[in-house]
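Given the structure is predicted, the values throughout are model-derived calculations rather than measurements.
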Amino acid sequence: MSETRRKLTTIFCADVQDYTRLMGTDEEGTLASLKRCREAMGRLIESHGGRVINTWGDGLIADFPSVVEAVRAAVDTQNELAGFNARRPADGRMLFRIGINLGDVIVEGDDIYGDGVNIAARLQASAAAGGIVISSSVYDQVRNKVAVGFEFLGPLMVKNVDEGVPSYAVKIGDAKDETPPAQRSGSARPQPQSQPAAVMAADMAEARPAPRGRRLYGVLGVIAAVLIVINLLSWQGVFWARFPVLALAVVAALAWNRDQTLFKRKITSLAILALGIAGINLFTWTGQFWAVWPILGIAAAMGVRWSMRR
């Protein structure tokens, strides 16, 4: 059996934003792009002294003996992949999210386990497409040693971890900071009062493929307007367009939820479904609010999911 031991290490987690959508559009092209990006990432990880531990689906996990080199590898990776994506259409770009954490882990053979790994994975999931999020333990080590800026995102709640993990977005690309590292704002850690939700929204607005989202919302809006006009021009006393318009609104909300990172996506999906059911009830009102029962069931499901993540 493999020897089990513990060590302090820097965990690097990465995955692809919207990988399922990319595979649904072009499986062979997406796999070829994923292979090319992984090769570049693996090369950069090794050049900074890291080791790729595992890959699965669109994900990758590596560890580094140096915290500084882990962050430098992440920055170099995102910069190189930005050049690769610049030559691709907006809806076909392969944008990675990276999370980095310094923590004590269990080592068994070539694999690592424990809360340190779980926190890195959660940081990665909260990163904007093409972005990097690090824990406070990483920030403390690199804030004056890496030529990038940082934005405090606030405490990140992680399953099985009692207290929130303070996290920071690494500002790269258009958010270059020309101030020498020793003079950066890292000399004093920002406090939670710095409006983490607003910072996360700003990060997402910079990195999310907004043109594709605007096109979808525009198409849905045009369809809804056409249906309403047809209904009015063929008016026979019934506003039938309210049902397809409601369906289009639910589709738009689910499309928004697919890319947002402010809230838990599964819980937000349930909330959108509850609002849709309430809308149907109101549009078919006969004096009874029957939607209270399915909404109560959805609320119970949301409560169970919330309690399970605590």
Which heavy-atom pair separates Ile53 from Asp110 by the least distance, and what is that distance?
CG2-O, 3.1 Å

Checking Val238 against Gln236 for the side chain to side chain contact (heavy atoms under 4.5 Å, CB included) test, could you report, in this order, the C-alpha distance in whole Å, the side-chain angles of both residues, the deciding distance, and whether it holds?
CA-CA 6 Å; Val238 178; Gln236 294 181 351; 5.8 Å; no

If you measure from CG on Leu60 to CG on Asn54, what distance do you get to the nearest 0.5 Å?
8.5 Å

For residues Ala121 and Cys13, report the shortest heavy-atom separation together with the two atoms involved.
N-SG, 3.9 Å

Kindly list each side-chain donor-acceptor pair under 3.5 angstrom involving residues 272-284, sequence neighbours excluded, with atom names and distances?
| from | atom 1 | to | atom 2 | distance (Å) |
| --- | --- | --- | --- | --- |
| Asn281 | OD1 | Trp290 | N | 3.0 |
| Asn281 | OD1 | Ala291 | N | 2.8 |
| Asn281 | ND2 | Gln288 | O | 3.2 |
| Thr284 | OG1 | Ile280 | O | 2.8 |

Within the side chain of Asn231, is there an N or O that forms a donor-acceptor pair under 3.5 Å with the backbone of Trp240?
yes

Do side-chain atoms of Gln78 reach the backbone of Gly131 as a donor and acceptor pair under 3.5 angstrom?
yes

For the CD1 atom of Ile106 and the CG atom of Asp115, what is their distance to the nearest 0.5 Å?
9.0 Å

Indicate yes or no for a side-chain donor-acceptor contact from Thr30 to the backbone of Leu22 under 3.5 Å, with no hydrogens or angles considered.
yes

Close side-chain approach of Val75 and Ile132, heavy atoms under 4.5 Å
yes

Hey, could you give me the CG/CE distance between Leu31 and Met23, rounded to the nearest 0.5 Å?
4.0 Å

So which atom in Pro244 and which in Leu227 form the shortest heavy-atom distance, rounded to 0.1 Å?
CB-CD1, 3.6 Å

Does atom CH2 of Trp293 have more than 12 heavy-atom neighbours, drawn from other residues, nucleotides or ligands, at distances under 6.0 Å?
no

In terms of hydrophobic clustering (I, L, V, M, F, W, Y; side-chain heavy atoms under 4.5 Å; direct or indirect links), are Trp285 and Phe243 co-clustered?
no

From CA spacing to verdict: salt bridge (Lys or Arg N to Asp or Glu O under 4.0 Å), Lys7, Asp104
CA-CA 6 Å; Lys7 72 173 182 178; Asp104 191 81; over 6 Å; no

Does any N or O in the side chain of Asn85 come within less than 3.5 Å of the main-chain N or O of Arg93, such that one atom is a donor and the other an acceptor?
no

Ile298 with Phe289, same ILVMFWY side-chain cluster at under 4.5 Å
no

Between atom CE of Met41 and atom OG1 of Thr77, what is the distance when rounded to the nearest 0.5 Å?
5.5 Å

Evaluate Thr10 against Ile100 for side chain to side chain contact (heavy atoms under 4.5 Å, CB included), listing each step before the verdict.
CA-CA 7 Å; Thr10 309; Ile100 304 176; 3.5 Å; yes

Under 4.5 Å between side-chain heavy atoms, hopping through other hydrophobics if needed: is there a path connecting Val250 to Ile228?
no

Is Phe64 close to Ile11 at the side-chain level, that is, under 4.5 Å between some pair of heavy atoms?
no

Is Phe96 close to Gln17 at the side-chain level, that is, under 4.5 Å between some pair of heavy atoms?
no

I'd like to know if the side chain of Asp58 reaches the main chain of Val16, judged simply by a donor and an acceptor atom lying under 3.5 Å from each other, with no hydrogens or angles considered.
yes

Determine yes or no for a side-chain-to-main-chain donor-acceptor pair under 3.5 angstrom, with Asp26 supplying the side chain and Gly29 the backbone.
yes

Under the salt bridge (Lys or Arg N to Asp or Glu O under 4.0 Å) criterion, do Arg72 and Glu69 qualify, and how do the steps go?
CA-CA 5 Å; Arg72 285 175 176 165; Glu69 292 303 321; 3.0 Å; yes

Looking only at the side chains, is there a donor atom on one of Arg88 and Ser33 sitting less than 3.5 Å from an acceptor on the other?
yes

Has the side chain of Thr55 got a donor or acceptor atom that lies under 3.5 Å from a matching backbone atom of Ile61?
no

Might you point out which heavy atoms bring Leu216 and Ala255 nearest each other, and give the distance in Å?
CD2-CB, 3.3 Å

Roughly how far, to the nearest 0.5 Å, is CZ of Arg97 from CG of Asp15?
4.5 Å

Residue pair Asn101 / Ser137, side-chain heavy-atom distance below 4.5 Å
yes

Side-chain contact, heavy-atom cut-off 4.5 Å: Glu108 with Tyr113?
yes

What's the spacing between Ser66 OG and Leu102 CG if we round to 0.5 Å?
10.0 Å

Closest non-hydrogen atoms of Ile45 and Ala62, given as atom of the first, atom of the second and distance, are CD1-CB, 3.9 Å

Is Val107 reachable from Val117 through a run of I, L, V, M, F, W or Y residues, each pair having side-chain heavy atoms under 4.5 Å apart?
yes

Could you walk me through whether Asp63 and Arg51 pass the side chain to side chain contact (heavy atoms under 4.5 Å, CB included) test, one step at a time?
CA-CA 6 Å; Asp63 72 342; Arg51 173 181 67 107; 3.4 Å; yes

Heavy-atom pair with the smallest gap, counting every atom of Pro166 and Phe152:
CB-CE1, 3.9 Å

Quick one: do Gln141 and Val68 satisfy side chain to side chain contact (heavy atoms under 4.5 Å, CB included)? Show the steps, please.
CA-CA 7 Å; Gln141 299 296 319; Val68 172; 5.5 Å; no

Validation row: Leu44, Glu80 side chains within 4.5 angstrom (heavy atoms):
yes

Under a 4.5 Å cut-off applied to non-hydrogen side-chain atoms, are Ile98 and Val133 in contact?
no

Any side-chain heavy atom of Lys35 sitting closer than 4.5 Å to one from Glu39?
yes

